[in-house]
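Here the structure comes first, spelled out in structure tokens, and everything after it is commentary.
One-based numbering along the sequence shown. Heavy-atom basis, side chains included; hydrogens, waters and symmetry copies ignored. If you're wondering where the values come from, they're calculated on a predicted model, not measured in any experiment.
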Amino acid sequence: MEYYAHYDQKQNLKQYLSEHLLAVKNIGETNFVPSVSFQEISNSELKELIKNILFFHDFGKYTTYFQNYLVKNIHNKYKEHAHISACIAYLWIKKYLFNEKENITKLIWAFLAYVVILRHHMSLEINTSFDNEKWGKLEVQVADLRENIDAIVADLNDRWPVEREEILEILKVNELKEETLFIYMPQYISNRFKNEEWYFASIYLFSLLIDSDKLDSGTVQKKQMCLVEDKRVEDYIKQKHKNDTHTNFASEKNEARKDMIRTLQELTSEQIKNQHFFTITAPTGIGKTLASLQCALYLRNRIKEEMNYTPRIITAIPFINIIEQTQKDYEAVVGNTAHLIVHHQFADFGNRSNGDEIIPVERKLLEVEAWEGDIILTTFVQLFQSLLTDQNRLLKKINKLAGSIVILDEIQSIPDEYMPLIGAVLRKLAQFYGTRFILMTATQPKILQLCDMLLNEKKEEPIELLKNHDKYFKNKKRTILFPLFKNEFNDGNEFVEFFMKIWQQNQSALIVVNTIKRSIEIFNLLREKQQKYKEINDNIKIYYLSTNIIPKQREKVIKKIKKNLENKEPVILVSTQTIEAGVDLDFDIGFRDLAPLESIIQTAGRVNREGKKGEGAPLYILKIDRDYEKVYHLHHIDRVKKLLADKECIWESEYKELVEKYYEELIKSGVSDKSQKIWEEGIIGLDFTKLKEFELIKNIGEVVDVFVEIDDEASVLLDAYEDIKRGACGSETLCRIFPTECKNSGIEPTFFKKRALLQLLLKK
């Protein structure tokens, strides 16, 4: 008899079951890296456990009930395969792998194997329940497997040699009814035997299984990891800045980058093997993006030499608007030497050729979502929401963190209340998965100290890659902060009057406020000053930038401002926090409504950014009404006011000291209740529902996605969207937009193809 894992007559897709089981095992084995290490289970035992999970995950598909459902479309309640597969895997692992009935730790590992197989088509949770109906289903399925045992063993023996008696032995599923420890294991591991290890073990095993399963089902071929020489970064920088006339600034960047590489070159073999945390503390504009990539490439090659595996590089960035420039830099460095994956909500994965082969769009999306590449560029949301969730689709990529080098850019962007929690997660990823981290920022927060308070333990100190970073801060005199808290502006009118007294007509000015409503008010008042009262010269462009205008429009505005600034034409930009990170603009003067310290310093990074305007370009910090209360936690703002209240001005060289004082105050306030609760109940208590309380980006009120049909192109895209939704993938509109994917209109598109096309349309 032929046994199938997947069978789709319409799409002409068939896969034999034994072939699928072996392929999933092989993919998972390839993804397993030697850096993964847990307590009381050896690396070789863990590897064998994983092989058994992967091979037995779909064993229940050998029932006649499942085969009839798949091939003949006969629906019945015994076709479900996950539970019977999970029970068989548990019994096999307990009997043939561990062979230790009394070792509670090994039984927990066997139980985790049971859980991840049971849930591999659903969200992850540890709680399980049994009733008579479930036991009844299992008995019927076991009887069917026993009846066909010879055909099953013959089919298996082509791929994985097993003895008939071994299979019959593990089909004694009824024994589990009497195994008290098995039935009550969820309560044991979330109470009496609780340990954060079980959380990181369960999401790792779950991720490795569902990732391997989906990659095989989606026919994604595993690629060999490629090494990239770190010297490519130097070559690219020389080419990029060959016409840069500001030699002092360029040489400072170059010197800083070389200092970082020198620090890594001095590391011993033992440090390369055992050090998991590195920091880069440097002022804005020093070239951290490319310097950190070069450091990661160098570290990657050293790890390959010392530990005989090639780690991925995963760069996570807080904001989508920074990613596109970083992507251009990464693509220029990497070229065709390695596979770069860019993964965020609006990622464009439409370039799908691989030599002469055109990769189907659904397979390309699967590669992106599975982080199936050498270098991954993604967002904080994708990374941290995937680490703290029960969702199948998000957890799929977590196994790729094992042994990887993770660059966290602008780490200070993590909300204060989550810093202890995120820090603790990073510590445990380093401990259990062997992940290495490069924490990068101009304002290095005390994230590891806060996490050590939460964990109540002291771990390894990070190595600072830019050892003499104080020198770079002390030399910086590009900007000065002027805190003006004594005068509170009651409304936009009062602020604009103040602005007109300070600003000079030949200056480019940046105004950053806290709410969209206030930004619109100030923009309109300035336009009125120009058009009605003629107080602002007609040749001065006044621009508006915020998240309430569509991305396409924001992009146009930024391009226009850049051109004006390059031509030394004065502009005024009114913005909200959108401007703070990643928007590479350079103003003469800035005004910032009261905000957390890192936001103020980020805004300062858009004033005299390249130091070409001399020294001491001003950023005025002021209070417009009490707008900050609508956006930020009051205790954050109180800390800022306390730090800045008695200062007339603060030079850029003093920013680092100011930030350190800010985080000292944060540490004094202790671990936040939110971090404590999610860690203790969600992670140690294995209550996956508690993880839903983790929100890196808060939803304020009810939020819906809106499409603005702004022009003819937008209308075409809307038509295409509606065509995909109703399954008309052969429509004229869609064929024009996606000629390769939609030309064969006779075949009904799969769910995965529809989802991939919708994702590409989102970007467009």
Please check if the number of heavy atoms outside [X] that lie under 6.0 Å from its [atom1] is greater than 12.
X: F694; atom1: CZ; result: yes
X: E324; atom1: CD; result: no
X: K763; atom1: NZ; result: yes

Whether [Y] and [X] form a salt bridge (side-chain N of Lys/Arg under 4.0 Å from carboxylate O of Asp/Glu) is what I want to check.
X: K288; Y: E410; answer: no
X: R755; Y: E362; answer: no
X: R639; Y: E665; answer: no

Do K397 and W371 form a cation-pi contact, if we require the NZ or CZ to be under 6.0 Å from the six-membered ring centre and within 45 degrees of the ring's axis?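 So K397 does make the cation-pi contact.
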
Using modelled atom types and a 3.5 Å cut-off, is there a donor and acceptor pairing between side-chain atoms of [X] and backbone atoms of [Y]?
X: Y309; Y: I303; result: no
X: E460; Y: H276; result: yes
X: Q385; Y: L696; result: yes

Close aromatic pair by centroid cut-off 6.0 Å: H121 and H57: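 No, the ring of H121 stays outside the 6.0 Å limit from the ring of H57, centre to centre.
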
Identified ring pair (Phe, Tyr, Trp, His ring centres under 6.0 Å) partner of W198 from the options W109, Y204, F193: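 Testing each of W109, Y204, F193 against W198, the sole residue satisfying ring pair (Phe, Tyr, Trp, His ring centres under 6.0 Å) is W109.
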
